[in-house]
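Since the structure is predicted, the reported quantities are computational estimates derived from the model, not experimental observations. Lettering of chains follows the sequences in order, A, B, ..., and the numbering in each one begins at 1.
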2 protein chains.
Amino acid sequence: MSDSTFPEVRSLDLFADMSDENYAKLMRGAYLQTFPPHVDLIGEGEGADFLHVLVSGAVDLFSRWNNRETSVMIVKPVSTFILAATIRDARYLMSARTMEKSRIVMIPSQDVRAIFDLDAGFARAVVVELAACYRSVIKTTKNLKLRTALERLANYLLSRHRAYGAPASFDLDLEKRQLASVLGMTPENLSRAFKALQAYGVAVNGEKIEITNPALLQKFAKPTSLIDDDQT
Amino acid sequence: MSDSTFPEVRSLDLFADMSDENYAKLMRGAYLQTFPPHVDLIGEGEGADFLHVLVSGAVDLFSRWNNRETSVMIVKPVSTFILAATIRDARYLMSARTMEKSRIVMIPSQDVRAIFDLDAGFARAVVVELAACYRSVIKTTKNLKLRTALERLANYLLSRHRAYGAPASFDLDLEKRQLASVLGMTPENLSRAFKALQAYGVAVNGEKIEITNPALLQKFAKPTSLIDDDQT
DNA sequence: CTGCTTACTTGATATTTATCAAGCGGGCAT
DNA sequence: ATGCCCGCTTGATAAATATCAAGTAAGCAG
(Lines give C-alpha, C1' and ligand atoms only; values in the text may rest on other atoms or scores of the structure.)
Protein backbone atom coordinates (compact mmCIF):
# COMPACT_ATOMS: atom_id res chain seq x y z
CA MET A 1 0.00 0.00 0.00
CA SER A 2 2.91 2.33 0.61
CA ASP A 3 3.96 2.40 -3.03
CA SER A 4 0.57 2.23 -4.66
CA THR A 5 -0.25 4.23 -7.73
CA PHE A 6 -1.72 7.64 -6.89
CA PRO A 7 -1.07 7.53 -3.14
CA GLU A 8 -3.38 10.55 -2.59
CA VAL A 9 -6.19 8.50 -4.05
CA ARG A 10 -5.33 5.41 -2.08
CA SER A 11 -5.51 7.28 1.20
CA LEU A 12 -9.06 8.52 0.61
CA ASP A 13 -11.66 6.83 2.82
CA LEU A 14 -13.25 5.48 -0.32
CA PHE A 15 -10.17 3.52 -1.32
CA ALA A 16 -8.41 2.97 2.01
CA ASP A 17 -10.12 -0.25 3.02
CA MET A 18 -9.68 -2.36 -0.08
CA SER A 19 -7.05 -4.99 -0.73
CA ASP A 20 -3.84 -4.04 -2.51
CA GLU A 21 -4.74 -6.43 -5.27
CA ASN A 22 -8.12 -4.92 -5.93
CA TYR A 23 -6.78 -1.41 -5.69
CA ALA A 24 -4.20 -2.29 -8.30
CA LYS A 25 -6.93 -3.73 -10.52
CA LEU A 26 -8.98 -0.59 -10.14
CA MET A 27 -6.03 1.60 -11.07
CA ARG A 28 -5.01 -0.48 -14.05
CA GLY A 29 -7.33 1.42 -16.36
CA ALA A 30 -7.07 4.71 -14.50
CA TYR A 31 -5.04 7.66 -15.58
CA LEU A 32 -4.04 11.01 -14.20
CA GLN A 33 -4.72 14.08 -16.24
CA THR A 34 -3.84 17.70 -15.62
CA PHE A 35 -6.24 20.39 -16.76
CA PRO A 36 -5.77 24.15 -17.06
CA PRO A 37 -8.17 26.52 -15.30
CA HIS A 38 -11.69 27.06 -16.64
CA VAL A 39 -11.83 23.95 -18.76
CA ASP A 40 -15.02 21.97 -19.27
CA LEU A 41 -14.60 18.41 -18.03
CA ILE A 42 -18.10 17.04 -18.29
CA GLY A 43 -21.40 18.06 -19.82
CA GLU A 44 -24.61 17.15 -18.04
CA GLY A 45 -26.47 14.43 -19.88
CA GLU A 46 -23.35 12.63 -21.03
CA GLY A 47 -22.77 9.02 -20.03
CA ALA A 48 -20.79 8.50 -16.82
CA ASP A 49 -17.81 6.61 -18.14
CA PHE A 50 -15.39 7.62 -15.42
CA LEU A 51 -15.29 8.11 -11.71
CA HIS A 52 -13.27 11.27 -11.13
CA VAL A 53 -10.94 11.92 -8.24
CA LEU A 54 -9.76 15.47 -7.79
CA VAL A 55 -6.19 15.34 -6.54
CA SER A 56 -5.40 19.04 -6.64
CA GLY A 57 -7.11 22.21 -7.82
CA ALA A 58 -10.85 22.84 -7.66
CA VAL A 59 -13.87 21.81 -9.72
CA ASP A 60 -17.25 23.44 -10.13
CA LEU A 61 -20.26 21.16 -10.52
CA PHE A 62 -22.98 23.22 -12.14
CA SER A 63 -26.13 22.88 -14.13
CA ARG A 64 -27.97 24.84 -16.78
CA TRP A 65 -31.61 25.11 -17.65
CA ASN A 66 -33.41 27.50 -19.91
CA ASN A 67 -30.47 29.85 -20.20
CA ARG A 68 -29.97 29.96 -16.43
CA GLU A 69 -27.04 28.44 -14.63
CA THR A 70 -26.28 27.47 -11.05
CA SER A 71 -23.39 25.95 -9.14
CA VAL A 72 -24.68 22.92 -7.31
CA MET A 73 -21.43 22.31 -5.44
CA ILE A 74 -17.72 23.00 -5.46
CA VAL A 75 -15.33 20.08 -5.20
CA LYS A 76 -12.08 20.60 -3.32
CA PRO A 77 -9.22 18.07 -3.18
CA VAL A 78 -8.84 15.31 -2.33
CA SER A 79 -12.26 13.93 -3.15
CA THR A 80 -14.28 12.09 -5.75
CA PHE A 81 -17.13 13.38 -7.80
CA ILE A 82 -20.04 11.84 -9.65
CA LEU A 83 -19.88 8.58 -7.78
CA ALA A 84 -23.64 8.10 -8.03
CA ALA A 85 -23.79 8.31 -11.81
CA THR A 86 -20.87 5.89 -12.00
CA ILE A 87 -22.61 3.38 -9.78
CA ARG A 88 -25.88 3.53 -11.67
CA ASP A 89 -24.20 3.66 -15.07
CA ALA A 90 -26.34 6.71 -15.73
CA ARG A 91 -25.97 10.13 -17.27
CA TYR A 92 -24.30 12.95 -15.40
CA LEU A 93 -26.81 15.29 -13.78
CA MET A 94 -24.28 18.10 -13.54
CA SER A 95 -21.64 19.61 -15.74
CA ALA A 96 -18.12 20.00 -14.41
CA ARG A 97 -15.37 22.51 -15.10
CA THR A 98 -12.06 23.28 -13.49
CA MET A 99 -11.82 26.49 -11.52
CA GLU A 100 -8.04 26.34 -11.24
CA LYS A 101 -5.35 24.14 -12.71
CA SER A 102 -6.43 20.71 -11.55
CA ARG A 103 -5.07 17.20 -11.46
CA ILE A 104 -7.70 14.52 -11.79
CA VAL A 105 -7.53 10.75 -11.70
CA MET A 106 -10.11 9.16 -13.96
CA ILE A 107 -11.19 5.59 -13.22
CA PRO A 108 -13.36 3.71 -15.73
CA SER A 109 -16.86 3.30 -14.30
CA GLN A 110 -17.10 -0.33 -15.28
CA ASP A 111 -14.03 -1.09 -13.20
CA VAL A 112 -15.56 0.64 -10.20
CA ARG A 113 -18.68 -1.48 -10.53
CA ALA A 114 -16.66 -4.67 -11.04
CA ILE A 115 -14.41 -4.13 -8.04
CA PHE A 116 -17.43 -3.24 -5.94
CA ASP A 117 -18.60 -6.82 -6.36
CA LEU A 118 -15.16 -8.25 -5.60
CA ASP A 119 -14.10 -6.25 -2.59
CA ALA A 120 -16.32 -6.03 0.48
CA GLY A 121 -14.21 -3.27 2.03
CA PHE A 122 -14.63 -1.15 -1.07
CA ALA A 123 -18.35 -1.89 -1.18
CA ARG A 124 -18.74 -0.71 2.39
CA ALA A 125 -16.71 2.43 1.68
CA VAL A 126 -18.80 3.24 -1.39
CA VAL A 127 -22.04 2.97 0.50
CA VAL A 128 -20.75 5.08 3.39
CA GLU A 129 -19.52 7.72 0.96
CA LEU A 130 -22.76 7.78 -0.99
CA ALA A 131 -24.80 8.07 2.19
CA ALA A 132 -22.67 11.04 3.21
CA CYS A 133 -23.21 12.68 -0.19
CA TYR A 134 -26.95 12.10 0.05
CA ARG A 135 -27.17 13.66 3.47
CA SER A 136 -25.13 16.60 2.32
CA VAL A 137 -27.56 17.34 -0.52
CA ILE A 138 -30.54 16.98 1.80
CA LYS A 139 -28.95 19.66 3.95
CA THR A 140 -28.57 21.86 0.89
CA THR A 141 -32.25 21.42 0.12
CA LYS A 142 -33.25 22.37 3.65
CA ASN A 143 -30.94 25.37 3.47
CA LEU A 144 -32.61 26.53 0.25
CA LYS A 145 -36.19 25.95 1.34
CA LEU A 146 -36.08 27.09 4.93
CA ARG A 147 -33.80 30.11 4.74
CA THR A 148 -33.55 33.43 2.95
CA ALA A 149 -30.42 34.29 0.99
CA LEU A 150 -29.20 36.51 3.82
CA GLU A 151 -29.57 33.70 6.31
CA ARG A 152 -27.75 31.29 4.04
CA LEU A 153 -24.84 33.69 3.72
CA ALA A 154 -24.68 34.26 7.47
CA ASN A 155 -24.58 30.54 8.10
CA TYR A 156 -22.01 30.00 5.39
CA LEU A 157 -19.71 32.53 6.99
CA LEU A 158 -20.15 31.00 10.44
CA SER A 159 -19.49 27.57 9.02
CA ARG A 160 -16.23 28.64 7.33
CA HIS A 161 -15.23 30.57 10.42
CA ARG A 162 -15.69 27.47 12.55
CA ALA A 163 -13.95 25.20 10.05
CA TYR A 164 -10.88 27.44 10.14
CA GLY A 165 -10.83 27.38 13.95
CA ALA A 166 -12.55 30.70 14.61
CA PRO A 167 -9.67 32.99 13.58
CA ALA A 168 -9.78 36.77 13.87
CA SER A 169 -10.18 36.92 10.11
CA PHE A 170 -10.17 34.58 7.15
CA ASP A 171 -10.27 34.67 3.37
CA LEU A 172 -13.15 33.40 1.29
CA ASP A 173 -12.10 30.27 -0.57
CA LEU A 174 -14.40 31.09 -3.48
CA GLU A 175 -14.79 34.03 -5.79
CA LYS A 176 -17.83 36.01 -4.73
CA ARG A 177 -19.69 35.30 -7.92
CA GLN A 178 -19.11 31.58 -7.37
CA LEU A 179 -20.26 31.88 -3.80
CA ALA A 180 -23.38 33.71 -4.92
CA SER A 181 -24.23 30.90 -7.32
CA VAL A 182 -23.65 28.21 -4.70
CA LEU A 183 -25.85 30.05 -2.23
CA GLY A 184 -28.57 30.50 -4.84
CA MET A 185 -28.44 34.25 -5.33
CA THR A 186 -27.12 36.81 -7.81
CA PRO A 187 -23.73 38.50 -7.36
CA GLU A 188 -25.50 41.83 -6.89
CA ASN A 189 -27.54 40.40 -4.10
CA LEU A 190 -24.53 38.84 -2.44
CA SER A 191 -22.91 42.24 -2.39
CA ARG A 192 -25.92 43.74 -0.67
CA ALA A 193 -26.17 40.78 1.68
CA PHE A 194 -22.59 41.35 2.86
CA LYS A 195 -23.49 44.93 3.57
CA ALA A 196 -26.59 43.91 5.47
CA LEU A 197 -24.51 41.59 7.64
CA GLN A 198 -22.42 44.52 8.82
CA ALA A 199 -25.25 45.13 11.26
CA TYR A 200 -24.52 41.69 12.73
CA GLY A 201 -20.80 42.13 13.17
CA VAL A 202 -19.41 41.07 9.81
CA ALA A 203 -16.66 43.19 8.24
CA VAL A 204 -15.78 42.51 4.61
CA ASN A 205 -12.69 43.79 2.85
CA GLY A 206 -12.22 42.26 -0.57
CA GLU A 207 -12.04 38.56 0.15
CA LYS A 208 -11.08 39.06 3.79
CA ILE A 209 -13.88 38.40 6.26
CA GLU A 210 -13.86 39.46 9.88
CA ILE A 211 -16.52 38.26 12.25
CA THR A 212 -16.26 40.85 14.96
CA ASN A 213 -19.24 39.67 16.96
CA PRO A 214 -19.76 35.91 16.57
CA ALA A 215 -22.45 35.78 19.22
CA LEU A 216 -24.52 38.39 17.44
CA LEU A 217 -24.12 36.73 14.06
CA GLN A 218 -25.07 33.37 15.52
CA LYS A 219 -28.14 34.85 17.11
CA PHE A 220 -29.21 35.97 13.64
CA ALA A 221 -28.06 32.92 11.66
CA LYS A 222 -29.27 30.23 14.05
CA PRO A 223 -26.96 27.54 12.73
CA THR A 224 -27.91 23.92 13.31
CA SER A 225 -25.90 20.76 12.87
CA LEU A 226 -28.82 19.32 10.88
CA ILE A 227 -28.15 21.83 8.10
CA ASP A 228 -24.74 23.37 8.60
CA ASP A 229 -22.51 20.58 9.78
CA ASP A 230 -20.38 18.94 7.12
CA GLN A 231 -19.93 15.77 9.14
CA THR A 232 -22.90 14.46 11.15
CA MET B 1 -38.77 -16.72 -1.01
CA SER B 2 -42.41 -17.30 -1.79
CA ASP B 3 -43.41 -17.52 1.86
CA SER B 4 -41.05 -14.96 3.33
CA THR B 5 -42.09 -12.59 6.06
CA PHE B 6 -43.48 -9.31 4.68
CA PRO B 7 -43.62 -10.35 1.03
CA GLU B 8 -44.17 -6.72 -0.06
CA VAL B 9 -40.83 -5.89 1.51
CA ARG B 10 -39.09 -8.88 0.02
CA SER B 11 -40.12 -7.92 -3.49
CA LEU B 12 -38.60 -4.44 -3.28
CA ASP B 13 -35.46 -4.01 -5.38
CA LEU B 14 -33.56 -3.36 -2.20
CA PHE B 15 -34.34 -6.79 -0.76
CA ALA B 16 -34.98 -8.87 -3.86
CA ASP B 17 -31.41 -9.97 -4.55
CA MET B 18 -30.37 -11.29 -1.16
CA SER B 19 -30.33 -14.91 0.00
CA ASP B 20 -33.34 -16.33 1.81
CA GLU B 21 -31.15 -16.93 4.82
CA ASN B 22 -29.93 -13.36 5.07
CA TYR B 23 -33.38 -11.97 4.43
CA ALA B 24 -34.67 -14.09 7.29
CA LYS B 25 -31.89 -12.79 9.52
CA LEU B 26 -32.71 -9.22 8.59
CA MET B 27 -36.37 -9.75 9.37
CA ARG B 28 -35.77 -11.51 12.67
CA GLY B 29 -35.65 -8.22 14.57
CA ALA B 30 -38.10 -6.42 12.29
CA TYR B 31 -41.71 -5.74 13.08
CA LEU B 32 -44.72 -4.34 11.32
CA GLN B 33 -46.58 -1.50 12.90
CA THR B 34 -49.75 0.26 11.84
CA PHE B 35 -50.11 3.98 12.47
CA PRO B 36 -53.16 6.23 12.29
CA PRO B 37 -53.13 9.33 10.07
CA HIS B 38 -51.16 12.40 11.12
CA VAL B 39 -48.94 10.69 13.62
CA ASP B 40 -45.33 11.70 14.21
CA LEU B 41 -42.99 8.83 13.50
CA ILE B 42 -39.59 10.45 13.73
CA GLY B 43 -38.16 13.73 14.91
CA GLU B 44 -35.17 15.15 13.10
CA GLY B 45 -32.04 14.91 15.20
CA GLU B 46 -32.96 11.59 16.75
CA GLY B 47 -30.71 8.58 16.29
CA ALA B 48 -31.49 6.36 13.30
CA ASP B 49 -32.27 3.10 15.04
CA PHE B 50 -34.49 1.68 12.33
CA LEU B 51 -34.71 1.45 8.61
CA HIS B 52 -38.34 2.07 7.73
CA VAL B 53 -40.26 0.43 4.91
CA LEU B 54 -43.61 1.94 4.06
CA VAL B 55 -45.92 -0.90 3.04
CA SER B 56 -49.12 1.08 2.70
CA GLY B 57 -50.31 4.62 3.32
CA ALA B 58 -48.16 7.71 2.86
CA VAL B 59 -45.46 9.46 4.86
CA ASP B 60 -44.32 13.07 4.84
CA LEU B 61 -40.61 13.73 5.39
CA PHE B 62 -40.31 17.32 6.54
CA SER B 63 -38.01 19.63 8.37
CA ARG B 64 -38.33 22.67 10.60
CA TRP B 65 -36.04 25.59 11.21
CA ASN B 66 -36.66 28.83 13.00
CA ASN B 67 -40.38 28.34 13.12
CA ARG B 68 -40.62 27.54 9.41
CA GLU B 69 -41.42 24.13 8.03
CA THR B 70 -41.04 22.44 4.67
CA SER B 71 -41.82 19.06 3.17
CA VAL B 72 -38.64 17.66 1.70
CA MET B 73 -40.35 14.67 0.12
CA ILE B 74 -43.41 12.47 0.26
CA VAL B 75 -42.94 8.72 0.53
CA LYS B 76 -45.44 6.48 -1.19
CA PRO B 77 -45.60 2.69 -0.82
CA VAL B 78 -43.81 0.43 -1.26
CA SER B 79 -40.49 2.05 -0.47
CA THR B 80 -37.94 2.61 2.23
CA PHE B 81 -37.01 5.82 3.91
CA ILE B 82 -33.98 7.11 5.78
CA LEU B 83 -31.65 4.52 4.38
CA ALA B 84 -28.71 6.94 4.49
CA ALA B 85 -28.99 7.71 8.19
CA THR B 86 -29.27 3.99 8.86
CA ILE B 87 -26.12 3.23 6.91
CA ARG B 88 -24.08 5.93 8.59
CA ASP B 89 -25.55 5.28 12.04
CA ALA B 90 -26.30 8.99 12.15
CA ARG B 91 -29.12 11.25 13.21
CA TYR B 92 -32.20 11.73 11.08
CA LEU B 93 -32.06 14.90 9.01
CA MET B 94 -35.82 14.96 8.53
CA SER B 95 -38.87 14.38 10.67
CA ALA B 96 -41.50 11.94 9.49
CA ARG B 97 -45.24 11.78 9.99
CA THR B 98 -47.99 9.68 8.51
CA MET B 99 -50.36 11.41 6.13
CA GLU B 100 -52.84 8.56 6.09
CA LYS B 101 -53.21 5.32 8.01
CA SER B 102 -49.92 3.60 7.26
CA ARG B 103 -48.32 0.23 7.74
CA ILE B 104 -44.59 0.36 8.28
CA VAL B 105 -41.98 -2.35 8.69
CA MET B 106 -39.17 -1.28 10.99
CA ILE B 107 -35.82 -3.03 10.69
CA PRO B 108 -33.11 -2.40 13.30
CA SER B 109 -30.31 -0.35 11.73
CA GLN B 110 -27.58 -2.52 13.18
CA ASP B 111 -29.04 -5.54 11.41
CA VAL B 112 -29.04 -3.65 8.10
CA ARG B 113 -25.38 -2.80 8.53
CA ALA B 114 -24.52 -6.35 9.59
CA ILE B 115 -26.29 -8.02 6.68
CA PHE B 116 -24.72 -5.52 4.30
CA ASP B 117 -21.36 -7.07 5.13
CA LEU B 118 -22.67 -10.61 4.79
CA ASP B 119 -24.66 -10.43 1.59
CA ALA B 120 -23.11 -9.11 -1.59
CA GLY B 121 -26.46 -8.95 -3.39
CA PHE B 122 -27.90 -6.79 -0.64
CA ALA B 123 -24.78 -4.61 -0.63
CA ARG B 124 -25.15 -3.99 -4.34
CA ALA B 125 -28.85 -3.23 -3.94
CA VAL B 126 -28.19 -0.77 -1.14
CA VAL B 127 -25.63 1.14 -3.15
CA VAL B 128 -27.86 1.27 -6.22
CA GLU B 129 -30.78 2.50 -4.11
CA LEU B 130 -28.68 5.15 -2.38
CA ALA B 131 -27.30 6.35 -5.68
CA ALA B 132 -30.85 6.72 -6.98
CA CYS B 133 -31.87 8.67 -3.88
CA TYR B 134 -28.84 10.93 -4.23
CA ARG B 135 -29.62 11.69 -7.84
CA SER B 136 -33.21 12.38 -7.00
CA VAL B 137 -32.23 15.01 -4.42
CA ILE B 138 -29.78 16.59 -6.85
CA LYS B 139 -32.68 16.99 -9.24
CA THR B 140 -34.70 18.62 -6.50
CA THR B 141 -31.89 21.08 -5.88
CA LYS B 142 -31.68 21.96 -9.57
CA ASN B 143 -35.44 22.36 -9.68
CA LEU B 144 -35.32 24.80 -6.75
CA LYS B 145 -32.35 26.82 -7.94
CA LEU B 146 -33.05 27.02 -11.65
CA ARG B 147 -36.82 27.46 -11.76
CA THR B 148 -39.48 29.77 -10.43
CA ALA B 149 -42.37 28.40 -8.43
CA LEU B 150 -44.65 28.64 -11.46
CA GLU B 151 -42.22 26.65 -13.57
CA ARG B 152 -41.88 24.02 -10.86
CA LEU B 153 -45.64 23.60 -10.69
CA ALA B 154 -45.95 23.36 -14.47
CA ASN B 155 -43.30 20.66 -14.58
CA TYR B 156 -44.84 18.82 -11.66
CA LEU B 157 -48.17 18.66 -13.46
CA LEU B 158 -46.56 17.47 -16.67
CA SER B 159 -44.62 14.85 -14.78
CA ARG B 160 -47.75 13.49 -13.06
CA HIS B 161 -49.65 13.65 -16.33
CA ARG B 162 -46.98 11.58 -18.02
CA ALA B 163 -46.70 9.12 -15.13
CA TYR B 164 -50.43 8.42 -15.35
CA GLY B 165 -50.20 7.83 -19.09
CA ALA B 166 -51.37 11.24 -20.32
CA PRO B 167 -55.07 10.86 -19.42
CA ALA B 168 -57.69 13.48 -20.24
CA SER B 169 -57.75 14.38 -16.56
CA PHE B 170 -56.24 13.18 -13.33
CA ASP B 171 -56.45 13.84 -9.60
CA LEU B 172 -53.66 15.33 -7.56
CA ASP B 173 -52.24 12.69 -5.25
CA LEU B 174 -51.42 15.31 -2.59
CA GLU B 175 -53.40 17.90 -0.76
CA LYS B 176 -52.67 21.30 -2.24
CA ARG B 177 -51.05 22.59 0.91
CA GLN B 178 -48.74 19.56 0.88
CA LEU B 179 -47.94 20.11 -2.74
CA ALA B 180 -47.17 23.76 -2.06
CA SER B 181 -44.71 22.79 0.64
CA VAL B 182 -43.01 20.18 -1.54
CA LEU B 183 -42.67 22.69 -4.36
CA GLY B 184 -41.27 25.31 -2.01
CA MET B 185 -44.09 27.82 -2.04
CA THR B 186 -46.98 28.96 0.13
CA PRO B 187 -50.51 27.60 -0.34
CA GLU B 188 -51.66 31.09 -1.36
CA ASN B 189 -49.04 31.19 -4.05
CA LEU B 190 -49.91 27.74 -5.29
CA SER B 191 -53.49 28.88 -5.71
CA ARG B 192 -52.40 31.82 -7.80
CA ALA B 193 -49.95 29.66 -9.74
CA PHE B 194 -52.75 27.32 -10.76
CA LYS B 195 -54.67 30.31 -12.00
CA ALA B 196 -51.68 31.57 -13.93
CA LEU B 197 -51.32 28.19 -15.64
CA GLN B 198 -54.82 28.53 -17.08
CA ALA B 199 -53.15 30.62 -19.74
CA TYR B 200 -51.10 27.56 -20.68
CA GLY B 201 -53.98 25.12 -20.96
CA VAL B 202 -54.37 23.87 -17.40
CA ALA B 203 -57.88 23.56 -15.96
CA VAL B 204 -58.22 22.96 -12.23
CA ASN B 205 -61.37 21.86 -10.49
CA GLY B 206 -60.80 20.93 -6.87
CA GLU B 207 -58.21 18.19 -7.06
CA LYS B 208 -59.03 17.35 -10.66
CA ILE B 209 -56.47 18.57 -13.18
CA GLU B 210 -57.04 18.78 -16.90
CA ILE B 211 -54.21 19.53 -19.26
CA THR B 212 -56.10 20.74 -22.28
CA ASN B 213 -53.05 21.80 -24.28
CA PRO B 214 -50.03 19.66 -23.41
CA ALA B 215 -47.87 21.15 -26.16
CA LEU B 216 -48.45 24.66 -24.89
CA LEU B 217 -47.73 23.72 -21.30
CA GLN B 218 -44.57 21.92 -22.35
CA LYS B 219 -43.42 24.91 -24.28
CA PHE B 220 -43.68 26.92 -21.10
CA ALA B 221 -42.39 24.29 -18.64
CA LYS B 222 -39.49 23.00 -20.71
CA PRO B 223 -39.22 19.68 -18.89
CA THR B 224 -35.92 17.83 -19.03
CA SER B 225 -35.06 14.30 -18.01
CA LEU B 226 -32.14 15.69 -16.04
CA ILE B 227 -34.55 17.30 -13.59
CA ASP B 228 -37.99 15.83 -14.10
CA ASP B 229 -37.45 12.16 -14.75
CA ASP B 230 -37.89 9.86 -11.78
CA GLN B 231 -35.81 7.13 -13.33
CA THR B 232 -32.69 8.10 -15.29
C1' DC C 1 -80.23 19.34 8.92
C1' DT C 2 -77.11 22.48 11.39
C1' DG C 3 -73.02 24.13 12.74
C1' DC C 4 -68.14 23.57 12.92
C1' DT C 5 -63.73 22.86 11.31
C1' DT C 6 -60.45 23.14 7.83
C1' DA C 7 -58.59 23.62 3.40
C1' DC C 8 -58.68 26.54 -0.20
C1' DT C 9 -59.18 31.01 -2.52
C1' DT C 10 -58.83 35.98 -3.21
C1' DG C 11 -57.27 40.64 -2.51
C1' DA C 12 -54.14 43.99 -0.56
C1' DT C 13 -49.68 44.75 0.90
C1' DA C 14 -44.84 43.90 2.31
C1' DT C 15 -40.62 41.53 1.67
C1' DT C 16 -37.32 39.22 -0.93
C1' DT C 17 -34.89 38.63 -4.97
C1' DA C 18 -33.65 39.57 -9.81
C1' DT C 19 -32.66 42.61 -13.55
C1' DC C 20 -30.72 46.49 -15.81
C1' DA C 21 -27.45 50.13 -16.00
C1' DA C 22 -23.54 52.59 -14.54
C1' DG C 23 -19.43 53.17 -12.23
C1' DC C 24 -15.23 51.58 -9.55
C1' DG C 25 -10.90 49.32 -9.11
C1' DG C 26 -7.51 45.66 -9.12
C1' DG C 27 -4.76 42.56 -11.99
C1' DC C 28 -2.63 41.50 -16.26
C1' DA C 29 -0.80 41.85 -20.91
C1' DT C 30 1.31 44.73 -24.09
C1' DA D 1 3.67 52.40 -16.91
C1' DT D 2 -0.76 52.30 -19.65
C1' DG D 3 -4.82 50.68 -20.86
C1' DC D 4 -8.13 47.03 -20.83
C1' DC D 5 -10.72 43.42 -19.03
C1' DC D 6 -13.36 41.55 -15.51
C1' DG D 7 -15.25 41.06 -11.13
C1' DC D 8 -17.33 43.68 -7.76
C1' DT D 9 -20.39 47.36 -6.12
C1' DT D 10 -24.23 50.60 -6.13
C1' DG D 11 -28.64 52.51 -7.38
C1' DA D 12 -33.09 52.26 -9.56
C1' DT D 13 -36.62 49.40 -10.90
C1' DA D 14 -39.23 45.18 -11.77
C1' DA D 15 -40.55 40.59 -10.76
C1' DA D 16 -41.31 36.83 -7.63
C1' DT D 17 -42.80 35.40 -3.34
C1' DA D 18 -44.61 35.83 1.39
C1' DT D 19 -47.74 37.66 4.72
C1' DC D 20 -52.04 39.23 6.52
C1' DA D 21 -56.90 39.40 6.39
C1' DA D 22 -61.27 38.02 4.80
C1' DG D 23 -64.27 35.26 2.54
C1' DT D 24 -65.94 30.59 0.36
C1' DA D 25 -66.89 25.90 0.17
C1' DA D 26 -66.59 21.12 1.24
C1' DG D 27 -66.56 17.51 4.75
C1' DC D 28 -67.88 15.88 9.09
C1' DA D 29 -69.82 15.51 13.91
C1' DG D 30 -73.69 16.10 16.56
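Closest to the Glu188(B) side chain, of the nucleotides dA18(C), dT17(D), dA21(D), is dA21(D). Listed nucleotides: dT10(C), dT10(D), dG7(D). Nearest to the side chain of Lys195(A): dT10(D).
Using the six-membered ring where Trp is involved, His161(B) and Phe170(B) have ring planes that are tilted, between 30° and 60° apart.
Contact between the side-chain N/O atoms of Asn189(A) and the OP1/OP2 oxygens of dA18(C) is found at a separation under 4.0 Å. Not one side-chain nitrogen or oxygen of Thr186(B) sits closer than 4.0 Å to the OP1 or OP2 atom of dT17(D). Between Ser191(B) and dC8(C) there is no side-chain N or O to OP1 or OP2 distance below 4.0 Å.
One interatomic measurement links the two molecules: NZ of Lys208(B) to P of dC8(C), which rounds to 17 Å at whole-angstrom precision. Counting to the nearest Å, the C1' atom of dA15(D) and the CE atom of Met185(B) are 15 Å from each other. Here dG7(D) presents its C1' atom at 16 Å from CG of Asn205(A), a figure rounded to the nearest Å. We find that NE2 of His38(A) is positioned 8 Å from P of dG7(D), with the value rounded to whole Å. One can place CD of Gln198(B) at 11 Å from P of dT9(C), the figure rounded to the nearest angstrom. Atom CZ in Phe194(B) sits about 12 Å away from atom P in dT10(C), given to the nearest Å. Taking atom CG of Leu174(A) as the reference point, atom C1' of dG7(D) lies 14 Å away to the nearest angstrom. Residue Leu197(B) contributes atom CG, which lies 13 Å from atom P of dT9(C) at whole-angstrom precision.
Comparing Glu175(B) and Arg192(B) along DNA chain C, the residue whose closest nucleotide (by nearest heavy atom) sits nearer the 5' end is Glu175(B).
Judged by distance alone, the side chains of Asp228(B) and Ser159(B) never bring a donor and an acceptor atom under 3.5 Å apart. Side-chain atoms of Ser181(B) and Glu69(B) include no donor-acceptor pair closer than 3.5 Å.
No donor-acceptor distance shorter than 3.5 angstrom exists from the side chain of Gln178(B) to the backbone of Glu175(B), with no hydrogens or angles considered.
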Hey, mind stepping through Asp229(A) and Arg135(A) against salt bridge (charged side-chain N to carboxylate O under 4.0 Å, His left out) and telling me if it holds? CA-CA 10 Å; Asp229(A) 240 26; Arg135(A) 288 169 63 85; over 6 Å; no
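Near-neighbour residues of DNA chain D inside residues 140-157 of chain B, defined by a heavy atom below 4.0 Å, number-ordered: Thr148(B), Ala149(B).
Nearest heavy-atom pair, Leu183(B) versus Arg152(B), reported as atom, atom and distance to 0.1 Å: O-NE, 2.7 Å.
Screening Val105(A), Val53(A), Val9(A) for a side chain to side chain contact (heavy atoms under 4.5 Å, CB included) with Val78(A), the sole residue that qualifies is Val53(A).
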